[in-house]
Each structure stands twice: as structure tokens, then as C-alpha cells.
Amino acid sequence: MYQIGEIIIYGSNGACRVEKVGSVEMEGLPKEKIYYTLKPVYANGGTVFTPVDNQKVVMRPIISREEAEDLIEHIGTVETLWVEDEKKRELQYKEALRTCDCRECIKVLKTLHRRRVSRIAEGKKATASDEKYLRLAEDSLYGELALALDMKRDEVGKYIEERVNMAKV
């Protein structure tokens with residue numbers, strides 16, 4: 001069971017702080033059931049109530065600093081997702097992001113980056129769908145890495161870029 005003050009990953013809400021553990025005084029919810037009251041770290045307003053035994057949504061601790069550094073160090077070895085069919089590719093993006101796994105987010109980001117480079121070379125722009133999934137993957141990955149590395153979320157992209165470029169030297 002997570003403790004009050006702990007930061008966890010909760011599905012598409014991303015990083016959330018555990019504000020309360022206990023019953024929730026809300027009509028329609030059983031009084032004897034134990035819930036987490038979660039506050040998304042990067043979203044203004046909003047509160048999430050979820051049973052502590054919820055099995056439908058990914059709920060896990062954020063990665064450690066060491067895990068974050070190792071993940072960044074090995075970005076080059078992470079494979080991309082590639083499917084020619086637009087609909088199937090979008091389903092792969094959705095499924096990868098649904099796992100709330102940093103490595104899966106990297107797969108999506110690498111795929112979309114390569115796709116963008118390819119489309120630009122063909123004189124085309126990135127699609128709205130690509131931009132949407134790029135933003136979702138970045139929000140998810142950068143939010144968790146920022147917390148693990150104790151930095152601002154908007155600094156993470158540059159930090160990764162610098163570390164990856166250093167590894168190439």
C-alpha cells in the first residue's frame with residue numbers, strides 16, 4: 001500500500017501524489033472500501049479517487065534516480081515501433097502509452113522522431129495524430145523522469161539530448 005505523500009504513476013494521469021488513504025465520503029461509494037485520494041503532480045486542479053486494490057489502471061511507484069539514469073544511458077538500444085498501416089500504428093502508440101512504462105514511451109518517441117524526419121525529407125508535415133502521441137509520450141516520460149532526477153519537467157528533453165549526444169562521442 002502506498003503512503004501519504006508518496007508519488008506514484010496512475011494510468012494516463014501520470015505522476016500523482018497520494019493525499020489520503022482511507023474511505024471516501026461520497027455518495028454511491030461503499031464506506032468500507034479503502035481508496036487512494038490522488039492529486040496529479042502536473043495537472044492543475046482535479047483529484048482522483050481509486051480503490052487501493054484497483055487492477056484496471058496501472059498504478060506503480062515512480063522509477064528511481066538510478067533507473068532513470070540507466071534508462072537514458074540505454075536509449076540508443078530501445079527499438080522503435082513500426083507499422084506501415086496508419087490505424088494499426090496508432091493502436092500501437094495507444095497500447096504502448098497505456099502500459100505507463102518509460103521504455104514504451106521511448107519507443108513511441110523514437111518512432112515519431114524518425115517518422116517526422118522521414119516526412120520532412122518527403123516535403124510533408126507531421127500528422128496531427130503524430131503530434132498528439134508525441135505530446136502524450138513526452139508528457140508521460142518527461143514527467144516521471146523529472147521527478148526521478150529531481151529537475152523541472154521542461155529541462156528533461158535537453159538533459160536527455162545532452163546525455164545521448166555525450167554517449168555518441
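These numbers come from a predicted model, not from an experiment.
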Assess the residue pair I106 and L141 against the criterion (side chain to side chain contact (heavy atoms under 4.5 Å, CB included)); give the C-alpha distance rounded to whole Å, side-chain angles, the decisive distance to 0.1 Å, and a yes or no. CA-CA 8 Å; I106 290 170; L141 180 66; 3.7 Å; yes

What's the separation between atom [atom1] in [X] and atom [atom2] in [Y], rounded to the nearest 0.5 Å?
{"X": "I7", "Y": "I62", "atom1": "CD1", "atom2": "CD1", "answer": "5.5 Å"}
{"X": "C16", "Y": "M59", "atom1": "SG", "atom2": "CE", "answer": "10.0 Å"}
{"X": "C102", "Y": "I9", "atom1": "SG", "atom2": "CD1", "answer": "7.0 Å"}
{"X": "L134", "Y": "L112", "atom1": "CG", "atom2": "CG", "answer": "5.5 Å"}
{"X": "L145", "Y": "E67", "atom1": "CG", "atom2": "CD", "answer": "11.0 Å"}

Evaluation steps, side chain to side chain contact (heavy atoms under 4.5 Å, CB included), between D139 and Y42: CA-CA 9 Å; D139 285 349; Y42 296 109; over 6 Å; no

Report the C-alpha separation of T111 and Y133 in whole Å, then their side-chain angles, then the decisive distance to 0.1 Å, and conclude whether the side chain to side chain contact (heavy atoms under 4.5 Å, CB included) test is met. CA-CA 10 Å; T111 301; Y133 288 105; over 6 Å; no

For the residue pair [Y] / [X], report whether a side-chain donor-acceptor contact shorter than 3.5 Å exists.
{"X": "N54", "Y": "Y36", "answer": "no"}
{"X": "K107", "Y": "T80", "answer": "no"}
{"X": "Y35", "Y": "T50", "answer": "no"}

Partners meeting side chain to side chain contact (heavy atoms under 4.5 Å, CB included) with A137 (sequence neighbours left out):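 Residues passing side chain to side chain contact (heavy atoms under 4.5 Å, CB included) with A137: L97, V108, L109.
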
Evaluate E79 against R103 for salt bridge (charged side-chain N to carboxylate O under 4.0 Å, His left out), listing each step before the verdict. CA-CA 9 Å; E79 297 294 320; R103 190 171 286 278; over 6 Å; no

So which of E161, R163, E162 actually passes side-chain hydrogen bond (donor to acceptor under 3.5 Å, both in side chains) with Y159? R163

Measure from the side-chain N and O atoms of T37 to the backbone N and O of F49, and report whether any donor-acceptor pair falls under 3.5 Å. no

Any side-chain to backbone donor/acceptor pair from E104 onto D101? Under 3.5 Å, distance only.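 Not confirmed, E104 side chain does not pair with D101 backbone.
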
Check this for me: does any side-chain nitrogen of one of [X] and [Y] sit under 4.0 Å from a carboxylate oxygen of the other?
{"X": "R65", "Y": "E69", "answer": "yes"}
{"X": "R89", "Y": "E86", "answer": "yes"}
{"X": "R60", "Y": "E144", "answer": "yes"}

Sequence neighbours excluded, which residues qualify as salt bridge (Lys or Arg N to Asp or Glu O under 4.0 Å) partners of D130?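 Testing D130 for salt bridge (Lys or Arg N to Asp or Glu O under 4.0 Å), a comparison that skips the adjacent residues, returns R115.
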
Flag yes if more than 12 heavy atoms outside E122 fall under 6.0 Å of its CD atom; otherwise flag no. yes

Using residues 148-158 as the side-chain source, report each donor-acceptor pair under 3.5 Å to any protein atom, sequence neighbours left out, with the distance given to one decimal.
unit_1: E155; atom_1: OE1; unit_2: K152; atom_2: N; d: 3.3

Go through the steps to decide whether S23 and K33 satisfy the test side chain to side chain donor-acceptor pair (under 3.5 Å), and finish with yes or no. CA-CA 6 Å; S23 61; K33 194 159 183 108; over 6 Å; no

